[in-house]
Structure formats: C-alpha cells, structure tokens
*Asks:* 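The structure that follows is given in the form of structure tokens.
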Amino acid sequence: MKQKVVVFSQIDHEILTKLQQCYHVVQINPKLGDVNQQILEQGKDADGFIGAGRLLNEDNLKFVEQLKIVSSVSVGYDNYDLSYLNQRKIWLAHTPHVLTETTADLAFTLLMSAAKKVPSLVQWTKQGQWLRTVGPDQFGQDIYGKTLGIIGLGHIGAAIARRGFHGFNMNVLYHNRSEKMETATQFNAEYCELTDLLQRSDFVVVAVDLNHSSKALIGEAELELMQAHAVLVNISRGSVIEEQALISALKNKTIFAAGLDVYEKEPLQDSALFQLENAVTLPHVGSATAQTRKRMAELAYQNLVDALEGRMPRYLVNKDFN
Ligand code: 8YV
C-alpha cells in the first residue's frame, strides 16, 4: 500500500506531480472548510506532511499515529511545536541555504525603498503631482558609507553584511547570541550589545530567528534608542518587533522609516501601518522568487522522501529526540 502524504499548503506543481506518482497524496484545501479540522482528520493515517505557513502543534496533530516527518518548505520553523514533535518522535525538516541570497536581496530592497521613500514617491509621480522639483519633505537618506547594524549574523545576516560592506562601503555592526569571529572578519563587522547597535546604526536590519529570546526583542525602549534618521528593516519574523511600539515610533517620526516583510499576525489586514507613508510593507516575500521557491520545494521533497524511505533527511531540525 502507498504511504500517505498530506500537503498542507500550496506547493510547486512539478513536486506535487512527483509526489502523486509515488504516494497517496491528500491536499489540505481552505475552500473545503476548517483547515485545522482537515489536518486533524487527514493526519490520522498520514506518513508524511509537506508544506509551509501553518501552525502545526498538539491541537491539530494529536491523532497522528504513524507520522514520520513534517517537511517544511521554509527555513524558519517557529510554526511548529518542536517539543511536541520530539515527544511524538516526528522528524521536522526545513530548507536552509537555498533562500539565503534572495532574502538578503529583499532586505536591501526594503532598506533602499524605505531610505529613499520609493513607494510614496512613485505614487506621487504617478498621481501627476510632480509639478516642480521635490522639497525637503521628500528627501531620503544616504546609504553609501553609512552604518549598518545587523541583528542576527546567521547565513542571511552574513549575506546582508556582505552586500553592505562590499556594495555600499558600509560600516557593519552586529549583535548575535554569541560572537561570530570568522564571519565578522570578512566584513570587518564589529560585535555590539543590542543597545549600542541601536544607538549607532543608520540602518538596523533584523535577521534573527524567532525563539524565546528574540520574541519582542525590539519594543518601545529599544526603538527610543534609534536615531531619528534611522531606518529599521525586518525580514525575520514579525514577533521580534512589538508592532504597536513600531507604529508609534513611525507615527511620531522618532525613526525615519521601516521596511517590513513580516508581521505579528499574517496576512496583515487593516493595519495602522497602511496609513503611514514611512512604513514600506511587503507581504512576506523574502523567499518568493520562482527560482528560490522551486529550490525550496525540491529540498523539502527530498527531505520528505528520505524520511519515508527510511533515510535520515539532510536538513533535519530535530536530530535527537531524546
Ligand atoms: C516563507 C520564510 O515564509 O522560509 C522561511 O522561513 O519565512 C519564507 O521563506 C516560507 O517559504 C513559507 O512560504
């Protein structure tokens, strides 16, 4: 009998076809009703799960009996209750590396858009308001040679540092749980305490994983430390920044602008951020290019197949259950 695979979000079409050739595939479909109920039902006799963007925890996995793996089409795994998966001896795999460069590109896209007021100036131009040269209200910020503070010098953080250092001659500061001497040396990056980094940076980019120690890392007190001309960029997870405090800082112009790809609650709807000209808001597209999403899907597929065929997947999050 074929093993059963539950596809819990949209997935690359070719990967879906490959899965259907070897496994009994069931797709969770929001149009068919409550997603968690479908996961609960379909999970009972499933061997593997593949997808992204859904919370998987005891509530919707409690009936699984033979689940070997949850293969996430993402690098971040904050959507999964790792201790529950460990307890049930279910592997969790993810897709690191293949999205590093494109996510770093997006961090710079946000940094530059927010610094140069791109969205509002595009709108202004298209509305036919360009009747004379722009005034100080429309001026942006210089980027070249400025100070870039990176919170989280992992793979993506390092790729952002590389762009800043080599491309824009920036002075790089970083904050991380531990010092990263080898990576830092490549970009002449200086290790700083968070408060120091926030005070000294012209651009602060959040690239840290979401975990217990990074949740709400940047709140009102931290935002107050930033300079009035500074730009804050978040390509990590929304919950690293207290959104309400950020909205106040942007409203009161205690910082210049923010470039955001991620939010406390996604999809972002009816947010006060939409009213703020100095908030550049993207819909969580850090890895959203055709090439990268394809590579992520392939990697997730390989992780899944390895587990279903009894091999240890290459990119396991939880290697040791005990
Ligand atoms: C997307 C991400 O959320 O990989 C991650 O952790 O945040 C993004 O790439 C993910 O691919 C789900 O679509």
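Each ligand, and each atom within it, is numbered from 1 in the order the structure gives.
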*Asks:* So if I count the atoms of ligand 1 from 1 in the order they appear, which ones are less than 4.0 Å from some heavy atom of Gly76?
*Replies:* 4 (O), 5 (C), 6 (O)
*Asks:* Any side-chain donor paired with an acceptor under 3.5 Å for Ser213 and Arg177?
*Replies:*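 Not at all, the side chains of Ser213 and Arg177 share no donor-acceptor pair under 3.5 Å.
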*Asks:* Taking the minimum heavy-atom distance to atom 12 (C) of ligand 1, which of Ala297, Gly286, Ala52, Ser287 ranks first?
*Replies:* Ala52
*Asks:* Give the atoms of ligand 1, by number and element, whose distance to some non-hydrogen atom of Met296 is under 4.0 Å.
*Replies:* 4 (O), 9 (O), 11 (O)
*Asks:* Within 45° of the ring axis of Tyr301 and under 6.0 Å from its six-membered ring centre, is that where the NZ or CZ of Lys18 lies?
*Replies:* yes
*Asks:* Just jot down the ligand 1 atoms closer than 4.0 angstrom to any heavy atom of Arg237, in number order.
*Replies:* 2 (C), 5 (C), 6 (O), 7 (O)
*Asks:* With no hydrogens and no angle check, just 3.5 Å: does a side-chain donor-acceptor pair link Asn252 and Thr254?
*Replies:*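 Checked: Asn252/Thr254 side chains show no N/O donor-acceptor pair below 3.5 Å.
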*Asks:* Show the atoms of ligand 1 that are less than 4.0 angstrom away from any heavy atom in Ser74.
*Replies:*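 Listed by number with element: 4 (O), 5 (C), 6 (O), 10 (C).
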*Asks:* Testing the basics here: between Glu277 and Ser120, what is the closest heavy-atom pair and its distance to 0.1 Å?
*Replies:*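 That would be CG-CB, 3.5 Å.
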*Asks:* To check your reading of the model: name the closest protein heavy atom to atom 1 (C) of ligand 1, its residue, and the distance in Å.
*Replies:* His284 NE2, 3.7 Å
*Asks:* Using a plain distance cutoff, I'd like to know if Val73 has any nitrogen or oxygen under 3.5 Å from a nitrogen or oxygen of ligand 1.
*Replies:*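 Yes, since at least one N or O of Val73 sits under 3.5 Å from an N or O of ligand 1.
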*Asks:* Taking 4.0 angstrom as the limit and counting only heavy atoms of Leu99, give me the atoms of ligand 1 inside it, by number and element.
*Replies:* 4 (O), 9 (O)
*Asks:* How close do Thr125 and Leu121 get, heavy atom to heavy atom, and via which atoms?
*Replies:* OG1-O, 2.6 Å
*Asks:* Nearest 0.5 Å please: distance from the CG atom of Asp261 over to the OG1 atom of Thr103.
*Replies:* 8.5 Å
*Asks:* Ignoring angles and geometry beyond distance, decide whether Val75 reaches within less than 3.5 Å of ligand 1 through its nitrogen or oxygen atoms.
*Replies:* yes
*Asks:* Just to confirm my output: which protein heavy-atom neighbour is closest to atom 13 (O) of ligand 1, and how far is it?
*Replies:* Arg293 NH2, 3.7 Å
*Asks:* Quiz question: by atom type and distance under 3.5 Å, do the side chains of Lys68 and Gln3 form a donor-acceptor pair?
*Replies:* yes
